[in-house]
Amino acid sequence: MRSLSSSAFESMAELSSFAVLLVLLLSCSRFSSTEAYDALDPTGNITIKWDVMSWTPDGYVAVVTIYNFQQYRHIQAPGWTLGWTWAKKEVIWGMMGGQTTEQGDCSRFKGNIPHCCKKDPTVVDLLPGTPYNQQIANCCKGGVINSWVQDPSNAASSFQVSVGAAGTTNKTVRLPKNFTLKAPGPGYTCGPAKIVRPSKFVTADKRRVTQALMTWNITCTYSQFLAQKTPTCCVSLSSFYNETIVNCPMCTCGCQDNVTEPGSCVNPESPYLASAVSGPGKLSNTPLVQCTSHMCPIRVHWHVKLNYKEYWRVKVTITNFNYRMNYTQWNLVVQHPNFDNLTKIFSFNYKSLTPYAGLNDTAMLWGVKFYNDLLMQAGPLGNVQSELLFRKDKSTFTFEKGWAFPRRIYFNGDNCVMPPPDAYPWLPNAGSRPIVSLLYPAFTIVSLLVFLLAFAQ
């Protein structure tokens, strides 16, 4: 066989390097274009509807409503923050059901002072207990909006705004630009405002329909990568047929680094626990997690508990390791092929999610109201649990190759990190690993006998 020259080797090496670089570039472009796409909720989004209800001498009065059309992702405390940039020199004369965080420079006004003069106002929801003369429908919940499946009656939030120095007709009004939604941190990307058909409203007696003078919509989509750079939850696994407990991967949500970041975690046995929990960062909801190998605020444990002739049983436990967070209205989304044969679930609510027609392998679970819908902060009470009973489908059911464990788990809409597949608990009579475990004791006994015989001589 003819040998390759050095120049040929160099050409092949350059070609291989180019191929690797091309693959990396393609993978990066694919990631950036789909980072806001959720395969389990492909049409989920938050829609902001801006309805102009009446004209004023120098502008208009509008009702702004934030609709959460996401099936399982909700906006938790401290709530949403909405911002935009005015197209002209508009000001906000007054608001109901919400308020801007800053007034801005209103020195050019004499007499009546506007509520906000900033070019880029930031609006937040009012808190529960606000006086009735400052409320409108769907306001004053501290910015908390529940998910569409879990609580559709509380999946929207509204405020009223009186805008001045703006157009007074459909032809002269200019749409705001650069909408931003923080819920409660970054994570949502909002598109431009688009004029749509005016919204219609039915009166309480359902005998008359009115409509807005003008309506525009803004659509915002969620990206977990934008929301936080590190994961927020992880999954551990165990089973009745194997003593191995597969923990969350090491440093899943960060590593313990008390040298460069003092106070990055806290030991539950520490005498300074109380002062650390109530210390700096409490009001800003900065996570303070218990010191663990994975450093995640939330761990979901899936335990294959029992095996019957016609059924099999699973125990699910959610543990909160965050000392500064009570998760209200929490939810869990689990993907497993046997959910089409779920027979019974104990102490959790359940709804089947079918993101694609004919495929029933995804379930949404959440707590029972006034019982376990509040996942307490880290500590003895910081966990909730339930059990699921599945009917076996003889054509697909098996305990081999990790089939009994979930394919994907979301907590509050964020994808949890799963252990690597080769670490899953295995059946005692499957694979090469149990052979090693059987040979090891035999080898130990033989070595001991040899040692005793040598000692006896």
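Along the sequence shown, residues are numbered consecutively beginning with 1.
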Query raised in the report: Is Lys119 reaching over with its side chain to a backbone N or O of Lys88, donor-acceptor style, under 3.5 angstrom?
Result: yes

Query raised in the report: How far apart are the C-alpha atoms of Trp80 and Val123, what are their side-chain angles, what is the distance that settles it, and do they pass the side-chain contact (heavy atoms from CB on, under 4.5 Å) test?
Result: CA-CA 9 Å; Trp80 56 262; Val123 175; 4.2 Å; yes

Query raised in the report: For the atom pair OG1 (Thr100) and CD1 (Ile92), what is the distance rounded to the nearest 0.5 Å?
Result: 6.0 Å

Query - Test log, rule side chain to side chain donor-acceptor pair (under 3.5 Å), inputs Thr219 and Asn217 - result: CA-CA 7 Å; Thr219 302; Asn217 283 358; over 6 Å; no

Query raised in the report: Relative to the ring of Tyr60, is the ring of Trp216 parallel (under 30°), tilted (30 to 60°) or perpendicular (over 60°)?
Result: perpendicular

Query raised in the report: Have Asp120 and Thr122 got a donor and an acceptor in their side chains that come within less than 3.5 Å?
Result: no

Query raised in the report: With Gln76, which of Asn146, Asn412, Thr328, Asn326 fulfils side chain to side chain donor-acceptor pair (under 3.5 Å)?
Result: Asn412

Query raised in the report: Looking at OG of Ser147 and CZ of Arg73, how far apart are the two atoms once the value is rounded to the nearest 0.5 Å?
Result: 10.0 Å

**Report entry** Trace of the side chain to side chain donor-acceptor pair (under 3.5 Å) decision for Asp38 with Tyr72
**Finding:** CA-CA 11 Å; Asp38 187 349; Tyr72 46 80; 2.5 Å; yes

Query raised in the report: Checking side chain to side chain donor-acceptor pair (under 3.5 Å) for the pair Ser238/His301: CA distance, chi angles, key distance, verdict?
Result: CA-CA 8 Å; Ser238 63; His301 186 75; 2.7 Å; yes

Report task. Evaluate the side-chain proximity of Val300 to Val334: yes if any heavy-atom separation is below 4.5 Å, no if none is. Result -> no

Report summary line: The residue among Lys344, His303, Arg313 that forms side chain to side chain donor-acceptor pair (under 3.5 Å) with Glu387 is Arg313

Report task. Indicate yes or no: at least one non-hydrogen side-chain atom of Leu374 is less than 4.5 angstrom from one of Met376. Result -> yes

**Report entry** Aromatic ring pairing Tyr350/Phe339, orientation class (parallel under 30°, perpendicular over 60°, tilted between)
**Finding:** parallel

Query raised in the report: So do Asn322 and Ile298 actually touch side chain to side chain, heavy atoms under 4.5 Å?
Result: no

Query raised in the report: Does a side-chain N-to-carboxylate-O contact under 4.0 Å join Arg407 and Asp361?
Result: no

Report task. Check whether the SG atoms of Cys416 and Cys233 are less than 2.5 Å apart, and answer yes or no. Result -> yes

Report task. Begin with the C-alpha distance, continue with both residues' side-chain angles, and end with the deciding distance and a verdict on disulfide bond (SG atoms under 2.5 Å apart) for Cys296 and Cys234. Result -> CA-CA 7 Å; Cys296 290; Cys234 64; 3.7 Å; no

**Report entry** Positive for side-chain contact (heavy atoms from CB on, under 4.5 Å) with Trp312, one of Leu389, Asn338, Leu306
**Finding:** Asn338

Query raised in the report: With a 6.0 Å cut-off on ring centres, are Phe397 and Phe390 close enough?
Result: no

Query - Pi-cation contact, Phe225 with Lys229 (under 6.0 Å, within 45°) - result: yes

Query raised in the report: Going through the distances and angles, do Lys369 and Asp151 end up as a side-chain contact (heavy atoms from CB on, under 4.5 Å)?
Result: CA-CA 11 Å; Lys369 196 171 182 62; Asp151 191 1; 5.8 Å; no

Query raised in the report: Got Val246 and Pro425 here, is their nearest side-chain heavy-atom distance under 4.5 Å?
Result: yes

Report task. Could you label the plane-to-plane angle of the Trp50 and Trp86 rings as parallel, tilted or perpendicular, counting under 30° as parallel and over 60° as perpendicular? Result -> perpendicular

**Report entry** Residues Phe321, His294; criterion side-chain contact (heavy atoms from CB on, under 4.5 Å); working and verdict
**Finding:** CA-CA 10 Å; Phe321 291 99; His294 52 79; 3.9 Å; yes

Query - Heavy-atom side-chain proximity of Tyr327 to Pro297 below 4.5 angstrom - result: yes

Report task. Give a yes or no on whether the backbone of Ala404 and the side-chain of Trp302 come within a donor-acceptor separation of less than 3.5 Å. Result -> yes

Report task. Measure from the side-chain N and O atoms of Asn45 to the backbone N and O of Thr43, and report whether any donor-acceptor pair falls under 3.5 Å. Result -> yes

**Report entry** Ring geometry between Trp330 and Phe348 (parallel below 30°, tilted from 30 to 60°, perpendicular above 60°)
**Finding:** perpendicular

Report task. Give the intermediate values and the outcome of side chain to side chain donor-acceptor pair (under 3.5 Å) for residues Tyr311 and Asn341. Result -> CA-CA 10 Å; Tyr311 301 91; Asn341 284 319; over 6 Å; no

Query raised in the report: In Å, rounded to the nearest 0.5 Å, how long is the span from CZ of Phe240 to NZ of Lys305?
Result: 12.5 Å

**Report entry** Between CG on residue Asn331 and CE on residue Met364, distance to nearest 0.5 Å
**Finding:** 4.0 Å

Query raised in the report: With a 3.5 Å cut-off and no angle check, do the side chains of Thr317 and Asn383 form a donor-acceptor pair?
Result: no

**Report entry** Side chain Lys141, main chain Ala156, donor-acceptor under 3.5 Å
**Finding:** yes

**Report entry** Donor-acceptor contact present, side-chain Gln70 to main-chain Asp41, <3.5 Å
**Finding:** no

Query raised in the report: Which is it for Ile145 and Asp125 under the side-chain contact (heavy atoms from CB on, under 4.5 Å) test, yes or no, and what are the steps along the way?
Result: CA-CA 11 Å; Ile145 306 179; Asp125 193 14; over 6 Å; no

Report task. Examine distances only and state if a side-chain atom of Asn170 and a backbone atom of Leu213 form a donor-acceptor pair shorter than 3.5 Å. Result -> yes

Query raised in the report: Roughly how far, to the nearest 0.5 Å, is NE2 of His336 from OG1 of Thr362?
Result: 11.5 Å

**Report entry** Asn360 side, atom CG; Ser352 side, atom OG - distance, nearest 0.5 Å
**Finding:** 3.5 Å

**Report entry** Main-chain N/O of Met95 paired to Gln134 side chain as donor or acceptor, under 3.5 Å
**Finding:** no

Report task. Using atom types as modelled and distance alone, determine if a side-chain donor or acceptor of Asp51 lies under 3.5 Å from a backbone N or O of Ala62. Result -> no

